[in-house]
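Report on the following structure.
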Amino acid sequence: MSLSFQSKLPHVGTTIFSTMSQLAQQHGAINLSQGFPDFHCPPALVELVSEAMRQGHNQYAPSHGIVMLRQQISRKTEWLYGHRANPDTEVTVTSGATEALFAAIAAVVHPGDEVLVLEPCYDSYVPAIELSGGVPVFVPLTFPDYSVDWQLVEEKLSAKTRLLIINSPHNPSGAVWQRADLEALANLADQYPFLILSDEVYEHMVFDGQPHQSLLTVPALAERAFVVSSFGKTYHTTGWKVGYCLAPAALTVEFRKVHQYLTFSTATPFQHAIAAFLEQQEHYLALPQFYQQKRDLFRELLRPSKFDLLPCAGTYFQLARYDQLSDLPDVDFSQWLTREAGVAVIPVSVFHHDGQDHRVIRFCFAKKEETLRAAAERLCRL
């Protein structure tokens, strides 16, 4: 007997990140596509994980995270942003930021609810909305600076709007919010009863002396928001999949209901290691300069090329126009670049629900200096 069923995500296939990484491997290309470092995390952090394992921290952690880590997260956010979340009722450790994003959406979005999504956007947002029965409502960011058109956001709000998803520093563009953006959002929040999901995984990668404008710095916004961040990004450990979510107690109750049946808990030795390593504030305080140096080096190396580099104020992504090289659509150009130039990138159209194509590609510069130099040498030959 043959079985038939209807896909809950009929438009979802293999992600572009997996596709481009596989293509890079196939052609021996330098992989600047997927967003992960090719250098090691701090050696002391590795030792702390080993120590935690030797001490026997190898069984399930409490579902919402070990106490010491939740307390450290609370202290860190108070010191950085003036917001002290209750570690018992407002902080949850998750198996990566993507899990936290999914759990937050699933916790509050009901069938028929509308969720405002600023595009281009990280690719996990929309599937999570659709799996919850929600309706994504897309608000395009202003090209080419990827700023928010707040009048357009207000026009998209309706009685059905349940949630607004924001992301700064922004993937894929590298744009960062200014204080005026938080003020504009607070003005809308004062008029309309929507919740907010703030994706702040690149919080420690803001350049040129600018501060990170966390939602947590505005109490009126924090009281209606899930704020998500990632130790994978901060400590160069994307494979560990450790993130967290801060939210008011009432929202955290609903968040944890989903989390406990999604992953239940996060790897125990990693939690102990990160909790201990958070005492070393100098690591994350040095990250802006660390990644700015990589940004500046990469941009300088590509200056003789035919790529038109867009501004990059944060994250570890650099966008570039390729008009002088080709009129191919960005997906085709990215594949061509991988095959012919030996450098894998991500086409930015994949971050749009309708495939909107500005002929822009995304490079990841979270790489060793020798990797960036080798990639730039190939790119400058074009």
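When a residue number appears, it is its place in the shown sequence, counting from 1. The structure presented is a predicted model; accordingly, all values stated were derived computationally and were not measured.
Applying the side chain to side chain contact (heavy atoms under 4.5 Å, CB included) criterion to Ala100, with sequence neighbours excluded, gives Thr94, Val228, Cys245, Phe255. Asp208 pairs by the salt bridge (Lys or Arg N to Asp or Glu O under 4.0 Å) definition with Arg295, not counting sequence neighbours. Partners of Phe290 according to the ring pair (Phe, Tyr, Trp, His ring centres under 6.0 Å) rule, which considers only residues two or more places apart in sequence or in another chain, are Phe39, His236. The salt bridge (Lys or Arg N to Asp or Glu O under 4.0 Å) check on Glu223 picks up nothing, with sequence neighbours excluded. Contacts of Val46 classified as side chain to side chain contact (heavy atoms under 4.5 Å, CB included), with partners at least two apart in sequence or in another chain: Cys41. For Thr217, the side chain to side chain contact (heavy atoms under 4.5 Å, CB included) test picks out Tyr81, Arg179, Leu182, Ser214, with sequence neighbours left out. Contacts of Lys76 classified as salt bridge (Lys or Arg N to Asp or Glu O under 4.0 Å), with partners at least two apart in sequence or in another chain: Glu203. Considering only residues two or more places apart in sequence or on other chains, Asp145 meets the side chain to side chain contact (heavy atoms under 4.5 Å, CB included) condition with Thr142, Ser147. Judged as a ring pair (Phe, Tyr, Trp, His ring centres under 6.0 Å), and not counting sequence neighbours, the contacts of His204 are Tyr284. For His353, the ring pair (Phe, Tyr, Trp, His ring centres under 6.0 Å) partners are Phe138, not counting sequence neighbours. Residues satisfying the salt bridge (Lys or Arg N to Asp or Glu O under 4.0 Å) test with Lys160, not counting sequence neighbours, are none.
Taking the six-membered ring for Trp, Phe143 and Tyr146 have ring centres closer than 6.0 Å. With ring centers used as reference points, Phe363 lies under 6.0 Å from Phe298.
For Tyr261, the OH atom is loosely surrounded, since the number of other residues' heavy atoms within 6.0 Å does not exceed 12. Annotation for Asp354: atom CG counts as buried by contact number, over 12 foreign heavy atoms lying within 6.0 Å. Atom CD of Gln25 has 12 or fewer heavy atoms from other residues, nucleotides or ligands within 6.0 Å. The number of heavy atoms from other shown groups lying within 6.0 Å of NE2 (His110) is above 12. No more than 12 heavy atoms of other residues, nucleotides or ligands lie within 6.0 Å of CD in Gln59, so this atom counts as exposed by the packing criterion. Gln289 CD: more than 12 foreign heavy atoms inside a 6.0 Å radius.
Cation-pi geometry between Lys367 and Phe36 is satisfied (NZ or CZ under 6.0 Å from the ring centre, within 45° of the ring normal).
Between Tyr291 and Tyr316, the ring planes lie tilted relative to each other; the angle falls in the 30° to 60° range.
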Can you give the donor-acceptor pairs under 3.5 Å from side chains of residues 305-315 to other protein atoms, not counting sequence neighbours?
from, atom 1, to, atom 2, distance (Å)
Ser305, OG, Leu302, O, 2.6
Ser305, OG, Phe307, N, 3.2
Thr315, OG1, Phe317, N, 3.1

Task: Worked check of side chain to side chain donor-acceptor pair (under 3.5 Å) between Gln260 and Ser63 - done: CA-CA 6 Å; Gln260 71 179 344; Ser63 180; 5.1 Å; no

